[in-house]
Amino acid sequence: MKKLVAVSLFLLLAVTSAFAHAGHIHTYMGSVTMLHGDSAFMMKTTDGKDLTIQTSPTTKWLHSDSHAAKSSELAVGQRVVVKMMVDDKTADTVKMSAPAKK
């Protein structure tokens with residue numbers, strides 16, 4: 001009986017740990033380093049990692065004050081906060097700082 005309980009507990013823990021990260025939405029903060037047309041851009045995160053962020057027609061673009069923005073307003077050097085979709089492949093929202101003054 002003790003073996004059955006031990007095996008059952010092991011299987012329960014193994015299955016729950018396999019799904020522990022499912023559905024977690026990632027948020028990245030950093031600066032835009034390169035633009036890749038209308039569908040992607042590169043950024044350097046606050047911890048120094050380089051990421052390529054894919055966007056889609058459903059990606060929401062916002063200014064830092066949460067007003068609507070356009071993807072064409074994104075520029076190299078801007079600070080961004082990117083929330084990824086649940087699949088962690090495409091940006092759900094991109095919140096950008098005001099464009100740098102020239």
Side-chain angles (χ1 to χ4, degrees):
M1 183 69 174
K2 288 183 182 181
K3 260 188 182 177
L4 179 62
V5 171
V7 170
S8 298
L9 183 60
F10 173 75
L11 289 174
L12 178 67
L13 292 174
V15 169
T16 56
S17 67
F19 294 105
H21 203 67
H24 181 76
I25 297 174
H26 288 103
T27 301
Y28 301 107
M29 295 175 16
S31 298
V32 177
T33 57
M34 189 182 304
L35 302 174
H36 295 290
D38 294 335
S39 62
F41 63 92
M42 285 186 66
M43 66 181 284
K44 183 174 284 291
T45 63
T46 54
D47 60 354
K49 295 179 183 174
D50 291 316
L51 293 177
T52 299
I53 305 295
Q54 300 294 325
T55 60
S56 73
T58 61
T59 300
K60 295 175 206 78
W61 297 87
L62 302 167
H63 290 290
S64 56
D65 61 2
S66 296
H67 285 88
K70 297 178 183 175
S71 61
S72 60
E73 297 177 59
L74 190 65
V76 172
Q78 275 185 306
R79 302 277 298 159
V80 292
V81 177
V82 179
K83 288 190 180 180
M84 302 299 286
M85 291 190 175
V86 176
D87 65 6
D88 204 33
K89 295 180 181 176
T90 310
D92 182 42
T93 60
V94 178
K95 190 178 273 195
M96 64 181 88
S97 65
K101 295 181 179 180
K102 296 179 181 182

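The figures that follow rest on heavy atoms only: side chains count, while hydrogens, waters and symmetry mates do not.
Between the Thr59 side chain and the Ala91 main chain, a donor and an acceptor come within less than 3.5 Å of each other.
Taking Ile, Leu, Val, Met, Phe, Trp and Tyr as members and joining any whose side-chain heavy atoms lie under 4.5 Å apart, directly or through other members, the hydrophobic cluster of Met34 also contains Met42.
The line from CD of Gln78 to OG of Ser64 is 9.5 Å long, rounded to the nearest 0.5 Å. Taken from CD1 in Ile53 to OG1 in Thr55, the straight-line distance is 9.5 Å, to the nearest 0.5 Å.
Applying the side-chain contact (heavy atoms from CB on, under 4.5 Å) criterion to Thr46, with sequence neighbours excluded, gives Met29, Arg79. The salt bridge (Lys or Arg N to Asp or Glu O under 4.0 Å) test applied to Asp38 returns no partner, not counting sequence neighbours.
In this structure, Lys60 and Lys83 have side chains that are not in contact, with every pair of non-hydrogen atoms separated by 4.5 Å or more. For the pair Met85 and Thr58, the minimum side-chain heavy-atom distance is below 4.5 Å. Counting only heavy atoms from C-beta outward, the side chains of Leu74 and Val32 approach each other to under 4.5 Å. The shortest distance between side-chain heavy atoms of Lys44 and Lys49 does not fall below 4.5 Å.
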Begin from the C-alpha positions of His63 and Lys95 and carry the test side chain to side chain contact (heavy atoms under 4.5 Å, CB included) through to its verdict. CA-CA 5 Å; His63 290 290; Lys95 190 178 273 195; over 6 Å; no
With side chain to side chain contact (heavy atoms under 4.5 Å, CB included) as the test, would you mind laying out the steps for Val86 and Ile25 before giving the verdict? CA-CA 5 Å; Val86 176; Ile25 297 174; 4.1 Å; yes
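Put simply, Val81 and Met84 are part of two different groups of oily side chains (I, L, V, M, F, W, Y) that touch within less than 4.5 Å, one to the next. Note: the hydrophobic cluster containing Leu62 does not contain Met43 (ILVMFWY, side chain heavy atoms under 4.5 Å, direct or indirect links).
Taking each heavy atom of Leu35 and Ala75 in turn, the nearest pair found is CD1-CA, 4.3 Å.
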